[in-house]
Chemist: 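Pasting a structure below so you can have a look.
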Amino acid sequence: MPLSHHHPVDSSAVLDWYDLHARDLPWRVSPGDRRAGISPDPYRVWLSEVMLQQTTVAAVKAYFLRFTGLWPTVFDLAAAPLDAVLREWAGLGYYARARNLHACAQAVVKEHGGVFPQSSAGLQALPGIGAYTSAAIAAICFDEPIAVLDGNLDRVLARFYAVPVPVREVKDDLRAALQASVPKRAGDFAQAMMDLGATICAPRNASCLICPLQPGCIAAREGTPLLYPVKPAKAEKPVRRGHAYVMRDAAGDVYLQTRPAKGLLASMTEVPTSPWVAEPAEPDFPLTAEWRRCGSIVHVFTHFRLELDVWSAVVAPEGLEHGWWAEPATLGREALPTLFRKVLAEAGLS
DNA sequence: AATGCGGGGAC
DNA sequence: GTCCCAGCATT
């Protein structure tokens, strides 16, 4: 029983609600300005959408303002060194996004004269732009009438249609149902639905009494919105353990190096560590020195939990080939993921 | 269709 | 502690 055969979303009610209650966001053109003919800057919309992939609005705001201050146009970003982009991205997570962001900016400049493609299909051919992001940019910037389906919409539609199975099993049906609901103001509709999902139809709180979609919502009628979306069984998160080695020279500088170009935290900055393994193992110090155990830190990744013992020592700077020595005062400008900022903090730095 | 890939805000 | 967030690339 395809959901596309069900009733569409009442886009007029959603847009009326959005005209009154749209969130004020740094990358957004308000519905009033949009009606007055002001269009969003595709560069800023693209940058915000990439940052917002699996990342909350609250976490993105400061990064967005920092990036647009440093690089106001796609030309500026394309001309920036990749390592500068990685430094600024440090702490935001999913670092492949930063590499794809830089590659995308260069592709837009070199292959499109600095002008973003104006269709979702054209946008999706660019690095780091997938089904969601291409649709979002095309709708928001160019009012392309396309379904913009993100995690918020998965939840809103799962409730609206009372979908009894995990969303991934009916994704195409949800997209078709949403596609049939897209009005002329496609960009405002997309943003309205996401605002609604972020405020009224939230994961752990559904304010059905003030929801513009309430009249057609099956879960609201049943009084059971929080039963949806149905969650697939989640796998247990394994633990890995290891040791981190904070080396300082006689001047107090810290030894840093670059992680491999592929895999977890690719190309980011780190301090040396042991392998991360399931069973506890003795430290394999990179140099002979008087090592002192500072403590331990815990960091949770998407697919495992990491526990590192943190060691520090003053060493003679010899036999270390790949890295560099950084003054503690400059650590804030290194491309250090949060994991290694925790390690350095445990060693009394930063 | 599954999996790898971060970090933090909100509860 | 748990949940999940304006997902994408790869296999």
Side-chain angles (χ1 to χ4, degrees), chain A residues 22-23 25-28 40 44-64 86 89-101 103-104 123-141 146-156 158 166-172 178 187 189-199 201-205 226 229 231-238 240 259-268 270 297-306 335-342:
Chain A
R23 286 182 291 177
L25 302 172
W27 47 85
R28 172 174 288 177
R44 292 168 60 86
V45 172
W46 161 72
L47 177 60
S48 72
E49 291 297 347
V50 173
M51 288 183 166
L52 286 162
Q53 289 165 4
Q54 292 292 287
T55 309
T56 57
V57 166
V60 162
K61 278 183 178 172
Y63 283 86
F64 178 82
L86 291 177
W89 199 276
L92 198 53
Y94 285 147
Y95 298 97
R97 292 187 294 174
R99 288 187 296 282
N100 284 330
L101 186 84
C104 183
L123 288 161
Q124 197 167 345
L126 292 165
I129 299 184
Y132 162 75
T133 305
S134 60
I137 298 171
I140 293 170
C141 296
I146 186 170
V148 180
L149 196 51
D150 74 332
N152 282 312
L153 272 288
D154 284 349
R155 178 177 58 258
V156 173
V167 166
R168 65 162 185 264
E169 297 180 22
V170 293
K171 192 89 171 179
D172 291 342
L178 183 61
F189 177 66
Q191 295 176 92
M193 290 295 288
M194 291 189 279
D195 275 20
L196 194 151
T199 57
C201 198
R204 279 182 276 203
N205 183 26
L226 298 186
K231 300 284 182 290
K234 59 169 175 153
E236 195 105 344
K237 196 166 285 197
R240 295 185 199 172
R259 291 179 59 78
K262 290 184 179 295
L264 187 70
L265 306 176
S267 303
M268 299 298 286
E270 67 173 2
I297 62 100
V298 173
H299 193 73
V300 181
F301 292 100
T302 305
H303 49 299
F304 65 95
R305 167 190 173 94
L306 179 63
L336 285 161
T338 298
L339 163 63
F340 294 105
R341 295 196 182 278
K342 289 182 184 176

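By convention in this document, chain letters (A, B, ...) are assigned in the order of the sequence lines, proteins followed by strands, and residues within each chain are numbered from 1.
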Chemist: Mind telling me whether A/Phe304 and A/Phe301 have parallel, tilted or perpendicular rings, with 30° and 60° as the class edges?
Modeler: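 Ring orientation of A/Phe301 relative to A/Phe304: tilted.
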Chemist: Distance between the P atoms of C/dT10 and B/dG6, in whole angstroms?
Modeler: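 C/dT10 and B/dG6 have their P atoms separated by 14 Å.
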Chemist: How many whole angstroms separate atom CZ of A/Arg305 from atom C1' of B/dC5?
Modeler: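 Checked: the CZ to C1' distance equals 19 Å.
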Chemist: Would you say B/dG6 has OP1 or OP2 under 4.0 Å from some side-chain N or O of A/His299?
Modeler: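 No, because none of the side-chain N or O atoms of A/His299 sits under 4.0 Å from OP1 or OP2 of B/dG6.
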Chemist: If you measure from the P atom in B/dC11 to the same atom in C/dA6, how many Å do you get, rounded?
Modeler: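 My reading of the P atoms in B/dC11 and C/dA6 gives 13 Å.
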Chemist: Examine the side chains of A/Thr199 and A/Arg23 and answer whether a donor and an acceptor come within less than 3.5 Å of each other.
Modeler: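 No, A/Arg23 and A/Thr199 have no side-chain donor paired with an acceptor closer than 3.5 Å.
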Chemist: As an exercise, state the distance from CG of A/Leu149 to CE of A/Met193, rounded to the nearest 0.5 Å.
Modeler: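 Taking CG in A/Leu149 and CE in A/Met193, the distance rounds to 9.5 Å.
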Chemist: Tell me yes or no: between the side chains of A/Gln53 and A/Tyr132, is some donor less than 3.5 Å from an acceptor?
Modeler: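 No, A/Tyr132 and A/Gln53 have no side-chain donor paired with an acceptor closer than 3.5 Å.
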Chemist: In whole angstroms, how far is the P atom of B/dG8 from the CG atom of A/Leu339?
Modeler: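 So the two atoms are 11 Å apart, to the nearest Å.
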Chemist: Atom CG of A/Leu306 to atom C1' of B/dG6: distance rounded to whole Å?
Modeler: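 My rounded result for the distance is 12 Å.
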Chemist: In terms of side-chain geometry, is the basic nitrogen of A/Asp154 or A/Arg168 positioned less than 4.0 Å from the acidic oxygen of its partner?
Modeler: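 So A/Asp154 does not pair with A/Arg168 through a salt bridge.
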Chemist: Treating primed atoms plus P, OP1 and OP2 as sugar-phosphate and everything else as base, which nucleotides of nucleotides 3-9 of chain C get B, S or - for protein heavy atoms under 4.0 Å?
Modeler: BSBBBSS
Chemist: Starting from C1' on B/dC5, measure out to CE on A/Met51 and report it in whole angstrom.
Modeler: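 Checked: the CE to C1' distance equals 18 Å.
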Chemist: Between A/Trp89 and A/Tyr63, what is the shortest heavy-atom contact and its length?
Modeler: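 Here A/Trp89 and A/Tyr63 meet closest at O-CE2, 3.8 Å.
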Chemist: Are A/Met194 and A/Leu153 side-chain neighbours, meaning at least one heavy-atom pair lies under 4.5 Å?
Modeler: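 Sidechains of A/Leu153 and A/Met194: in contact.
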Chemist: Please find the pair of heavy atoms, one from A/Leu86 and one from A/Ser267, that lie closest to each other, and give the distance.
Modeler: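 For A/Leu86 and A/Ser267, the tightest heavy-atom pair comes out as CD1-O, 3.9 Å.
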Chemist: Below 3.5 Å between N/O atoms, which protein atoms pair up with nucleotides 2-4 of chain B? Just atom names and distances, please.
Modeler:
none

